[in-house]
Chemist: 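Here it is, the structure, as structure tokens.
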Amino acid sequence: MAFGSSSLIWFRKGLRIHDNPALDYASKGTAALYPVFIIDPHYMKPDYNAFSPGSSRAGLNRIRFLLESLVDLDSNLKKLGSRLLVLKGEPGEVLFRCLKQWDVKKLCFEYDTEPYYQALDVRVKNGGKPPLTYQSFLKLAGEPSWASSPLMTSRSSLPLVGDHGDCEIFEVPTLKELGYEDTEQEDYLTPFRGGESEALKRLRDSLSDKVGYGFLEFMDRCVFELTCNFANSISLEVNLRTRVKDVNFARLSKREADVVSEWVAKFEKPKGDPSAFLKPATTVLSPYLKFGCLSSRYFYQCLKDVQKIVKKHTSPPVSLVGQLLWRDFFYTVAFGTPNFDQMKNSTICKQIPWNDNDELFAAWREGRTGYPWIDAIMVQLHKWGWMHHLARHCVACFLTRGDLFVHWEKGRDVFERLLIDSDWAINNGNWLWLSCSSFFYQYNRIYSPISFGKKYDPNGNYIRYFLPILKDMPREYIYEPWTAPLSIQTKAKCIIGKDYPKPVVLHDSASKECKRRMGEAYALNKKFNGLVSEEELSSLR
Ligand code: FAD
């Protein structure tokens, strides 16, 4: 292969073939294309001191999801006559060496707004000021131009891979090869498989409201008995490799079109059930968007197509389109706000004198607060790396302004490591929101760790699944097991204080104290117009 007219596509997050502008540009007018992913050993190295399996940066589930996505990308590239070249080392160094050795003339990669990749672009920053409310964001964004622009064309082949000389090329490593042991243990086995193929399947299933996305496969793996009603499921032959506008909904019968659209059209975020785990109430497309296995533009245009069929549908902020716009909202604010990910030196974050209580924090992190609803959600985070949005609300509120008064940055770090959809802008934005540090200020509205979950799941099935120690606790005590008489605890084989912890705080008094302290902090922020000094803040501790 002749050197000199080659290009290199550096895959970082956009781990897909469909609607991939960087790949499209890289493969145009080139004799050879090097599709590269660089494994940074620091990111992947097992950290056996961490509180749960994984590296210091990412939980095992997210590392597994990434490797699965790479295997799928490699397989999809091979179908187009190419392959993924996996390299190892410090990314900057490795890339520089390859560019030189392979005489690459064109380097392409997906632009990323995270600080790590950021090069400031003033145009998207509203004259230097990002919009700080969802409504002002919508006004500014209108119909986002990226969202309505045509998708990249589908392709049947890619330029051949160039000669890689003496550069050492690897296959996508397995977890074992990365140094992880016992990786198939059920305890840390997310049901969500990585990769573009799975992303497109999940998108199709979501659009057709198929029951139990991907769960049959997972249940096979976990030998868990599943009884589900499949009566409403409908399988549609929509070729997702074609451009969205070519998907011919008109060819479907009216009944099918109704089913396709109904779930999407009726989607209303606050109404979803956070305790639904066999069939989550939302799409679970977030990990695929995070790694770029799914194009957000493609997703958006699919939703718009559905809206063309069903005129009566929900709208932003609660609709599914609205959810994607939340994602863009947080990206926009995060991109244009210095120190977005911290309280100190932030112009948008309220200064609050959070407690430094490592014991309470560890109890929350490890799912042993004594509140089964909170602990079950944290166990789902550890085991699956994904929870419903409202479940995230509950645990974030509990840790911060609801009960424990611990700094949101500590909770953010735990989510950042363990979520498979962990996303810098969205995660920080939502922690700012939930802790009433920015965007949302009604600190008197607190999620009850007892009654909120009960509303959706009175029998506590979610708790019983994620906290099997409580599986025999009678329904009337499942949310407050410490109130069960000892005889009942004995019968349920779960003695509170021995087999399962007592509550670390009493919600009623703890939440009252939190509100009082938030009130004081807000008053101080008002007095000093947000510029509260360390000294003034300490006076509230
Ligand atoms: P759906 O409801 O099906 O929504 C579709 C897509 O819209 C999502 O995949 C996501 O990309 C986007 N979206 C939905 N809700 C939000 C939101 N509130 N803000 C921004 N985008 C949204 N989401 C992440 O992707 N990564 C994170 O690290 C993350 N951290 C969070 C931390 C906290 C404390 C909270 C309260 C929420 C966080 N979220 C995060 C937002 C939200 O909970 C998830 O995006 C959502 O639950 C993912 O599930 P889904 O794909 O089924 O969502």
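No hydrogens, no waters, no symmetry mates; every other heavy atom, side chains included, goes into these values. We count ligands from 1, going down the list as the structure has it; atoms in each ligand are counted the same way.
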Chemist: Looking only at protein heavy atoms, identify the closest one to atom 16 (C) of ligand 1 and say how far it is in Å.
Modeler: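 Minimum-distance protein heavy atom for atom 16 (C) of ligand 1 reads Trp326 CB, 4.1 Å.
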Chemist: For Arg392, is there an ion pair with Asp421 - N to carboxylate O distance below 4.0 angstrom?
Modeler: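 Between Arg392 and Asp421 there is a salt bridge, with a charged N closer than 4.0 Å to a carboxylate O.
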Chemist: With heavy atoms of Leu320 as the reference, note each atom of ligand 1 found under 4.0 Å away.
Modeler: 3 (O)
Chemist: Is Lys201 salt-bridged to Asp205, going by a charged N under 4.0 Å from an acidic O?
Modeler: yes
Chemist: Using a 4.0 Å cutoff against the non-hydrogen atoms of Leu434, which atoms of ligand 1 qualify?
Modeler: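 Those qualifying, in numeric order: 36 (C).
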Chemist: Look at the rings of Trp384 and Phe192 and say which category their plane angle falls in: under 30° parallel, 30 to 60° tilted, over 60° perpendicular.
Modeler: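 Perpendicular, since the angle between the ring planes exceeds 60°.
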Chemist: Which residue holds the protein heavy atom closest to atom 3 (O) of ligand 1, what is that atom called, and what is the gap in Å?
Modeler: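 The protein heavy atom lying closest is Thr283 OG1, 2.5 Å.
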Chemist: Any idea which protein heavy atom is nearest atom 31 (C) of ligand 1, and the distance to it?
Modeler: Asn427 OD1, 3.6 Å
Chemist: Identify the residue among Ser422, Ser55, Ser52 that makes a side chain to side chain donor-acceptor pair (under 3.5 Å) with Arg417.
Modeler: Ser52
Chemist: Please state whether Val395 comes within less than 4.0 angstrom of ligand 1, counting heavy atoms only.
Modeler: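 Contact absent.
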Chemist: Looking only at heavy atoms, is any part of Lys269 under 4.0 Å from ligand 1, and if so is it the side chain, the backbone, or both, or is it neither?
Modeler: side chain
Chemist: May I ask you to identify, for Trp408, whether its side chain, its backbone, both or neither come under 4.0 Å of ligand 1 on a heavy-atom basis?
Modeler: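 Under 4.0 Å from ligand 1, Trp408 contributes no heavy atoms.
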Chemist: Tell me which one of Ser286, Ser319, Ala281 gets a heavy atom nearest to atom 48 (C) of ligand 1.
Modeler: Ser286
Chemist: Heavy atoms only: which of Arg327, Met387, Arg392 lies closest to atom 29 (C) of ligand 1?
Modeler: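 Checking each option, the heavy atom nearest atom 29 (C) of ligand 1 is found in Arg392.
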Chemist: Is the shortest side-chain N to carboxylate O distance from Asp358 to Lys410 below 4.0 Å?
Modeler: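 Judged by the 4.0 Å cut-off on N to carboxylate O distance, Asp358 and Lys410 do form a salt bridge.
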Chemist: Which of the atoms of ligand 1 are close to Ser422, meaning less than 4.0 Å from one of its heavy atoms?
Modeler: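 Counting from 1, the qualifying ligand atoms are 28 (O).
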Chemist: Test your reading of the model: is there a side-chain donor-acceptor pair from Gln323 to the backbone of Lys269, 3.5 Å cut-off?
Modeler: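 Not a single qualifying donor-acceptor pair exists.
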Chemist: Aromatic contact between Tyr331 and Phe335, with the criterion being ring centroids under 6.0 Å apart: yes or no?
Modeler: no
Chemist: Could you say whether the N/O atoms of His389 and ligand 1 ever approach to under 3.5 Å?
Modeler: yes
Chemist: For Tyr288, enumerate each residue passing the ring pair (Phe, Tyr, Trp, His ring centres under 6.0 Å) test, keeping only those at least two apart in sequence or located in another chain.
Modeler: Phe65
Chemist: Does the Glu196 side chain pair with the main chain of His18, one donor and one acceptor, at a distance under 3.5 Å?
Modeler: yes
Chemist: Has the side chain of Tyr134 got a donor or acceptor atom that lies under 3.5 Å from a matching backbone atom of Gly322?
Modeler: yes
Chemist: Considering only protein heavy atoms, which is closest to atom 28 (O) of ligand 1, and at what distance to one decimal place?
Modeler: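 Residue, atom and distance for the closest contact: Asp423 N, 3.0 Å.
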Chemist: Students often mix this up, so state it plainly: with edges at 30° and 60°, are the rings of His507 and Tyr371 parallel, tilted or perpendicular?
Modeler: perpendicular
Chemist: For Val284, take its heavy atoms, then give the atoms of ligand 1 lying under 4.0 Å from any of them.
Modeler: 50 (P), 51 (O), 52 (O)
Chemist: What's the shortest distance from atom 33 (C) of ligand 1 to any protein heavy atom, and which residue and atom give it?
Modeler: Asn430 CB, 3.4 Å
Chemist: So Phe361 and Trp354, ring pair (Phe, Tyr, Trp, His ring centres under 6.0 Å) or not? Walk me through it.
Modeler: CA-CA 12 Å; Phe361 169 60; Trp354 303 109; over 10 Å; no
Chemist: Quick one: which residue pairs count as a salt bridge (charged side-chain N to carboxylate O under 4.0 Å, His left out) with a foot in residues 332-353, not counting sequence neighbours?
Modeler: none
Chemist: Between Phe330 and ligand 1, which residue portion shows a heavy-atom distance shorter than 4.0 Å: side chain, backbone, both, or neither?
Modeler: side chain
Chemist: When you compare ligand 1 with Leu285, is there at least one nitrogen or oxygen pair between them that comes in under 3.5 angstrom?
Modeler: yes
Chemist: For Asp421, which part has a heavy atom under 4.0 Å from ligand 1: side chain, backbone, both, or neither?
Modeler: both
Chemist: Heavy-atom contacts under 4.0 Å between Phe329 and ligand 1: side chain, backbone, both, or neither?
Modeler: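 No part of Phe329 is near ligand 1 at this cut-off.
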Chemist: May I ask which of Lys290, Gln323, His393 has a heavy atom nearer to atom 22 (C) of ligand 1 than the others do?
Modeler: Gln323
Chemist: Considering only protein heavy atoms, which is closest to atom 20 (C) of ligand 1, and at what distance to one decimal place?
Modeler: Ile426 CG2, 3.2 Å
Chemist: Hey, which atoms in ligand 1 end up nearer than 4.0 Å to a heavy atom of Leu289?
Modeler: 9 (O), 11 (O)
Chemist: What atoms in ligand 1 come closer than 4.0 Å to a heavy atom of Phe267?
Modeler: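 Within the 4.0 Å cut-off of Phe267, ligand 1 contributes 2 (O).
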Chemist: Just by distance, do the side chain of Thr337 and the backbone of Phe340 share a donor-acceptor pair under 3.5 Å?
Modeler: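 Not at all, since once roles are kept as given, no pair shorter than 3.5 Å links the two residues.
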Chemist: State yes or no: are the ring centers of Phe329 and Phe439 separated by less than 6.0 Å?
Modeler: yes
Chemist: Kindly identify the option in Trp386, Phe415, Tyr300 whose heavy atom sits closest to atom 49 (O) of ligand 1.
Modeler: Trp386
Chemist: Is the contact between Thr282 and ligand 1 made by the side chain, the backbone, both, or neither, using heavy atoms and a 4.0 Å cut-off?
Modeler: both
